[in-house]
Amino acid sequence: MELLFCSPLFLGIILLNMEFDAAEHVFAYLQQYESMQLDDLLFSLMFILPLYLLIFAWRRKREIEMLVSQAGTDSLTGILNRRRAVEILTNEVRRSHRSDSPLALIVFDIDHFKLINDTYGHPAGDRVLQQLIRSISQYVRSYDYLARIGGEEFMIIVTETDGSVATNIADRLRLQVETESFGLDRAVTASFGVSQLRKGESYSDLMHRTDERLYWAKNEGRNRVVGPSAGRS
């Protein structure tokens with residue numbers, strides 16, 4: 001970036017020199033000040049160089065912050081991506097075991113999303129995903145974490161909450177999706193699986209169990225929530 005910025009400046013200096021013999025004028029001017037001490041020049045450099053380095057460091061800091069933000073964010077929906085969500089879930093599982101506090105997980109996806117893409121096109125499918133996140137984000141608590149973990153699959157890490165409360169949250173979200181107008185000539189619905197962290201359980205076991213419940217919800221007719229009270233493993 002600095003090279004692109006400086007190139008026009010260098011070109012301008014060359015053109016000015018060709019047009020006005022600038023180099024000869026500068027040389028003649030410097031000859032008038034042969035007595036100028038070297039320490040004056042060094043003093044000037046000591047002032048300008050730190051200023052340039054400060055600006056350079058500030059710009060690099062902004063670029064790094066942007067890259068870090070993008071690395072943990074889904075580009076389409078603006079929420080957490082799978083990599084960042086797994087990191088957070090791993091830490092929350094450890095914290096839950098240490099403090100003996102409840103932790104729940106909600107996994108959900110859009111029913112028949114492939115049919116939406118095939119019927120209305122992928123741009124329409126992308127708009128459905130974006131609107132769905134805007135719609136449900138207002139109902140996700142500030143201390144929970146919403147992430148996109150697959151094409152049309154999402155996850156909510158529900159902190160300090162047991163499975164029964166998380167199931168109620170999931171059902172409210174399901175109803176919100178069902179009643180939302182997405183501008184299509186068909187309803188859009190979602191299926192949810194909910195699990196509560198068990199004693200000694202790893203994050204991967206928790207995710208696997210929650211995925212199973214999502215599968216049961218879809219297998220039992222979709223547009224429903226299957227949680228810990230389902231009477232299964």
Side-chain angles (χ1 to χ4, degrees), residues 65 68-111 113 128-178 180 188-218 222-230 232-233:
E65 288 175 347
V68 170
S69 174
Q70 292 174 345
T73 304
D74 175 60
S75 59
L76 179 65
T77 60
I79 60 176
L80 298 175
N81 61 21
R82 183 183 183 92
R83 183 192 63 79
R84 181 60 180 145
V86 169
E87 290 178 358
I88 293 173
L89 180 60
T90 302
N91 292 332
E92 288 296 328
V93 165
R94 291 171 180 165
R95 187 185 64 80
S96 177
H97 287 320
R98 286 197 307 268
S99 61
D100 196 28
S101 57
L103 177 69
L105 186 66
I106 300 172
V107 175
F108 66 98
D109 71 6
I110 300 175
D111 298 326
F113 186 70
V128 167
L129 294 174
Q130 292 169 330
Q131 183 176 341
L132 179 139
I133 292 305
R134 287 195 301 269
S135 177
I136 70 171
S137 290
Q138 57 187 320
Y139 298 102
V140 176
R141 303 175 306 180
S142 59
Y143 44 89
D144 296 334
Y145 300 92
L146 173 62
R148 184 185 182 193
I149 59 174
E152 70 274 19
E153 188 172 0
F154 301 88
M155 178 170 73
I156 305 176
I157 303 170
V158 192
T159 63
E160 302 291 340
T161 304
D162 63 24
S164 60
V165 175
T167 300
N168 292 335
I169 292 173
D171 201 51
R172 288 200 298 270
L173 297 178
R174 182 199 62 78
L175 183 60
Q176 175 62 26
V177 175
E178 181 185 29
E180 178 82 7
V188 175
T189 62
S191 300
F192 294 75
V194 183
S195 293
Q196 180 177 339
L197 181 68
R198 294 173 177 172
K199 187 175 179 63
E201 189 175 38
S202 68
Y203 84 89
S204 58
D205 290 336
L206 177 62
M207 288 186 66
H208 177 72
R209 193 154 47 83
T210 312
D211 280 335
E212 280 188 336
R213 288 176 174 164
L214 171 61
Y215 173 78
W216 296 337
K218 299 182 81 67
R222 296 181 170 82
N223 190 24
R224 65 189 62 218
V225 177
V226 173
S229 61
R232 306 182 187 184
S233 62

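Each residue takes its place number in the sequence, starting with 1. Basis for what follows: all heavy atoms, side chains included, without hydrogens, waters or symmetry-related copies.
A side-chain N or O of Arg213 and one of Ser195 form a donor-acceptor pair less than 3.5 Å apart.
Asp162 places no side-chain N or O within donor-acceptor distance of the main-chain N or O of Ala104, the cut-off being under 3.5 Å. Judged purely by atom type and a 3.5 angstrom limit, Arg209 has no side-chain atom pairing as donor or acceptor with the backbone of Leu197. Using a distance-only test at 3.5 Å, with no hydrogens or angles considered, no donor-acceptor pair links the side chain of Thr73 to the main chain of Ile79. Side-chain atoms of Arg141 come within 3.5 Å of backbone atoms of Thr159 as a donor-acceptor pair (strictly under, hydrogens ignored). No donor-acceptor pair under 3.5 Å is formed between the side chain of Glu153 and the backbone N or O of Gly150. Using a distance-only test at 3.5 Å, with no hydrogens or angles considered, a donor-acceptor pair links the side chain of Gln130 to the main chain of Leu76.
When side chains are defined from C-beta on, Asp74 does not count as touching Ile133, because their heavy atoms never get closer than 4.5 Å. Between Val177 and Asn223 the shortest side-chain heavy-atom distance does not fall below 4.5 Å. Residues Phe154 and Leu132 meet the side-chain proximity criterion, which asks for heavy atoms closer than 4.5 Å. Annotation: side chain of Ile136 is not in contact with side chain of Glu180 (no heavy-atom distance under 4.5 Å). Leu89 is not listed as a side-chain neighbour of Tyr145, based on a closest heavy-atom distance of 4.5 Å or more.
Taken from CZ in Arg198 to OG in Ser96, the straight-line distance is 13.5 Å, to the nearest 0.5 Å. A distance of 11.0 Å separates CZ in Arg172 from OG1 in Thr167, rounded to the nearest 0.5 Å. Arg222 contributes atom CZ, which lies 10.0 Å from atom CG of Leu214 (distance to the nearest 0.5 angstrom). If you take NZ on Lys218 and CZ on Arg224, they are separated by 11.5 Å, rounding to the nearest 0.5 Å. In this structure, the separation between CG on Asn81 and CZ on Arg148 is 10.0 Å, given to the nearest 0.5 Å. With values rounded to the nearest 0.5 angstrom, Glu92 atom CD is found 8.0 Å from Ser101 atom OG.
Evaluation of the salt bridge (charged side-chain N to carboxylate O under 4.0 Å, His left out) test over residues 96-108, restricted to residues two or more places apart or in two chains, returns none.
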Query raised in the report: Can you check salt bridge (Lys or Arg N to Asp or Glu O under 4.0 Å) on Arg95 and Glu160, steps first, answer last?
Result: CA-CA 10 Å; Arg95 187 185 64 80; Glu160 302 291 340; 2.9 Å; yes

Report task. Decide yes or no on side-chain contact (heavy atoms from CB on, under 4.5 Å) for Val225 and Leu173, but give the supporting numbers first. Result -> CA-CA 10 Å; Val225 177; Leu173 297 178; over 6 Å; no

Requested in this report: Determine, stepwise, if the pair Ile149 / Val86 fulfils side-chain contact (heavy atoms from CB on, under 4.5 Å).
Outcome: CA-CA 9 Å; Ile149 59 174; Val86 169; over 6 Å; no

Query raised in the report: Yes or no on side-chain contact (heavy atoms from CB on, under 4.5 Å) for Val158 and Val194, after CA distance, side-chain angles and deciding distance?
Result: CA-CA 10 Å; Val158 192; Val194 183; over 6 Å; no

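Pairing each heavy atom of Pro102 with each of Gln196, the nearest pair is CB-NE2, 4.2 Å. Here the closest non-hydrogen pair linking Ser191 and Asp111 is OG-OD1, 2.6 Å. Shortest non-hydrogen contact noted between His97 and Glu201 is NE2-O, 2.8 Å. The two residues Val107 and Met155 make their nearest non-hydrogen contact at CG2-CG, 4.2 Å.
Tested against Thr210 for a side-chain contact (heavy atoms from CB on, under 4.5 Å), the candidates Asp205, Leu105, Ile106 yield a single pass: Leu105. Partner of Phe192 under the ring pair (Phe, Tyr, Trp, His ring centres under 6.0 Å) criterion, chosen from Trp216, Tyr215, Phe108: Phe108.
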